[in-house]
Amino acid sequence: MRRRPADEPPIDVAGVRLTHPSRILYPGQGIAKRDLAAYYQKVADWMLPHVAGRPLSLLRCPEGEGGLCFYQKHFAGRLPQGLSGVMIIEKRARGTYGVVEDLTGLLALVQIGVLEIHPWGSTVTRLERPDRLIFDLDPDPSLGWMNVIEAALELRLLLLELGLESFAKTTGGKGLHVLVPLRPLIDWERLHAAARAIAQLFAERAPQRYTIDAAKTARRQRLFIDYLRNSRGQTAVAPYSPRARAGAPVATPLAWSELEAAPHPDRFTIKTVPARLAGLAFDPWRDVTTLRQSLGAKLLQRLGV
């Protein structure tokens, strides 16, 4: 049963009014709306550096995982309490994106039924200067988890050859993300071109295993190196965001040494991630927000951009 009686009183969670707090969002795990709010209270300090101040695309599932879900980019009229907004001009229209600044904002998303948070690769203060380059390693169903790990480790080596440090995270699905933090110096067009050039260079080293062609026929028994998220308006799931999938999986940052140990992504869920973080000696993404690296002129020239 997904709903509690309509007269269930709301509760206050860190100053946010949460209605229907006992509504079940993940039936298989018995995770209710109040539990999701509690999860964000535990992971906010780890998550906010990668989410706050960025335009957000949101997957809303008012009835929880398994129910009707829909993506929302724009808010019309008054924003939910706890969220700020930014007006963005797009190709054919303009719209107001929601922006989270703190824990209150994360809890505001819980209140409106958001299960997945997908931030832009730039901040609202420097919207046209992205600060993140991301590759989504998406395997064909015939490939196993170890194939994905191997690809991530090999991509990391290529990026190091190019003078770029990178970071890994599970996606809450079958793939992995490899993130390259950048100083916000170049525009979206050059970022996209550089991402494609790097992905192509990587695929050319092992064309029997990797491809940048999104066509299903090209991806058969190969891993798709998805660089397409590096365009204006495209997004990737946020670190520590749950996914609207059975099992309540969470997109989870990992140290490279952890990834080498081949942890299965099913281990990282709303129920397990807070305990994982409490037991870590350091944040595996501690350098993401402070690392000073860029796609400089020499590197762009080398990539043919």
Intermediate values then yes/no, salt bridge (charged side-chain N to carboxylate O under 4.0 Å, His left out), E154 and R209
CA-CA 12 Å; E154 290 179 3; R209 292 189 290 142; 3.2 Å; yes
With rounding to the nearest 0.5 angstrom, report the CG to CG distance, D102 to D45.
11.0 Å
Under 3.5 Å, is there a donor-acceptor pair between the side chain of S122 and the main chain of E128?
no
Using 4.0 Å as the upper bound for N to carboxylate O, is an ion pair formed by E161 and R205?
yes
Are L259 and W285 co-members of a hydrophobic cluster defined by side-chain heavy atoms under 4.5 Å apart?
no
Determine whether the aromatic ring centres of residues H177 and F167 are separated by less than 6.0 angstrom.
no
Looking at K42, I want to see if its NZ is surrounded by more than 12 non-hydrogen atoms of other residues, nucleotides or ligands under 6.0 Å.
no
Same apolar cluster: L103 and Y240, side chain cutoff 4.5 Å
yes
May I have the step-by-step check of side chain to side chain contact (heavy atoms under 4.5 Å, CB included) for R94 and M87, ending in yes or no?
CA-CA 7 Å; R94 64 174 61 194; M87 177 68 73; 3.9 Å; yes
Quick one: does P80's side chain get under 4.5 Å of Q111's, heavy atoms only?
no
Is the backbone of P284 close enough, under 3.5 Å, to the side chain of W256 for a donor and an acceptor to pair up by distance?
no
Is any side-chain heavy atom of R245 less than 4.5 Å from a side-chain heavy atom of Y26?
no
Residues D35, K271; criterion salt bridge (charged side-chain N to carboxylate O under 4.0 Å, His left out); working and verdict
CA-CA 9 Å; D35 300 319; K271 289 190 173 182; over 6 Å; no
Could K216 and D140 be called an ion pair, given the rule that one side-chain N must be under 4.0 Å from one carboxylate O?
no
Quick one: does any side-chain atom of Q293 pair with a main-chain N or O of E165 as donor and acceptor, under 3.5 Å?
yes
Short side-chain to backbone donor-acceptor contact, T252 and V250, under 3.5 Å:
yes
Any chance CD of Q301 has more than 12 other-residue heavy atoms, nucleotides or ligands included, within less than 6.0 Å?
no
Contact check, side chains of P130 and L191, non-hydrogen atoms, under 4.5 Å:
yes
For Y71, which fellow cluster members are found when Ile, Leu, Val, Met, Phe, Trp and Tyr are connected by side-chain heavy-atom distances below 4.5 angstrom, either directly or through intermediates?
L59
Spacing of CG belonging to L254 relative to CD belonging to E260, to within rounding of 0.5 Å
11.5 Å
Quick check: are there more than 12 heavy atoms from other residues, nucleotides or ligands sitting under 6.0 Å from CD of E189?
no
On a heavy-atom basis, which atom in P49 and which in A44 lie closest, and how many Å separate them?
CD-O, 4.3 Å
L176 and T170, any side-chain heavy atoms less than 4.5 Å apart:
yes
With clusters defined by side-chain heavy atoms of hydrophobic residues (ILVMFWY) lying less than 4.5 Å apart, directly or transitively, does L182 cluster with V178?
yes
Counting only N and O atoms by type, is there a donor-acceptor contact under 3.5 Å from the side chain of K33 to the main-chain atoms of T19?
yes
Rounded to the nearest 0.5 Å, the CG atom of D287 sits from the CZ atom of R292 at a distance of 13.5 Å
Sequence neighbours excluded, the answer for ring pair (Phe, Tyr, Trp, His ring centres under 6.0 Å) partners of Y40 is none
Measure from the side-chain N and O atoms of T269 to the backbone N and O of T272, and report whether any donor-acceptor pair falls under 3.5 Å.
yes
Are L201 and L158 packed together at the side-chain level, in the sense that at least one heavy-atom pair is separated by less than 4.5 angstrom?
yes
Which of I134, L291, T290 passes side-chain contact (heavy atoms from CB on, under 4.5 Å) with P181? It is L291
With V110 as partner, the option from L115, V16, V13, L36 fulfilling side-chain contact (heavy atoms from CB on, under 4.5 Å) is L36
Run R196 and N230 through side chain to side chain contact (heavy atoms under 4.5 Å, CB included) and show every step you take.
CA-CA 9 Å; R196 188 186 192 284; N230 301 287; over 6 Å; no
Short side-chain to backbone donor-acceptor contact, K169 and V237, under 3.5 Å
yes
Given the rule in the side chain to side chain contact (heavy atoms under 4.5 Å, CB included) test, do V100 and L109 qualify, once you have shown the distances and angles that lead to the verdict?
CA-CA 9 Å; V100 162; L109 297 182; 3.8 Å; yes
Contact check, side chains of W120 and L127, non-hydrogen atoms, under 4.5 Å:
yes
Is it true that the side chains of R132 and H50 contain a donor and an acceptor less than 3.5 Å apart?
yes
Between F75 and Y97, does the ring centroid distance fall short of 6.0 Å?
no
W145 side chain vs P263 backbone, donor-acceptor pair below 3.5 Å:
yes
Check: R190 side chain, V305 main-chain N or O, donor-acceptor pair, under 3.5 Å
no
If we count only N and O atoms by modelled type, under 3.5 Å, do the side chains of H118 and E116 hold a donor and an acceptor together?
yes
When rounded to the nearest 0.5 Å, the distance separating OG1 of T211 from CG of D213 is 4.5 Å
Distance col, row L162:CG vs L303:CG, nearest 0.5 angstrom, shows 6.0 Å
Starting from F268, can I reach L179 by hopping between I/L/V/M/F/W/Y residues whose side chains sit under 4.5 Å apart?
no
R243 side chain to T171 backbone, donor-acceptor under 3.5 Å
yes
Run E90 and K73 through salt bridge (charged side-chain N to carboxylate O under 4.0 Å, His left out) and show every step you take.
CA-CA 12 Å; E90 298 172 307; K73 294 195 303 182; 3.6 Å; yes
Steps toward side chain to side chain contact (heavy atoms under 4.5 Å, CB included) verdict (F135, D226)
CA-CA 6 Å; F135 298 97; D226 185 355; over 6 Å; no
More than 12 non-hydrogen atoms from neighbouring residues, nucleotides or ligands closer than 6.0 Å to CD on E258, yes or no?
yes
Under 3.5 Å, is there a donor-acceptor pair between the R229 and Q234 side chains?
no
Are L58 and L18 joined in one hydrophobic group, where the rule is that I, L, V, M, F, W and Y side chains link up if heavy atoms are under 4.5 Å apart?
yes
Residue set satisfying salt bridge (charged side-chain N to carboxylate O under 4.0 Å, His left out) with R129, at least two apart, ordered chain then number -> none
Please round to the nearest 0.5 Å and tell me the distance separating atom OG of S166 and atom CG of L160.
6.0 Å
Consider only side-chain N and O atoms of S22 and E8, and report whether a donor and an acceptor are under 3.5 Å apart.
yes
Contact check, side chains of L56 and V114, non-hydrogen atoms, under 4.5 Å:
no
Can you confirm whether W46 sits close enough to L280 that some side-chain heavy atom of one is under 4.5 Å from a side-chain heavy atom of the other?
yes
Test salt bridge (charged side-chain N to carboxylate O under 4.0 Å, His left out) applied to R54 and D131, step by step:
CA-CA 11 Å; R54 296 175 184 272; D131 62 3; 2.9 Å; yes
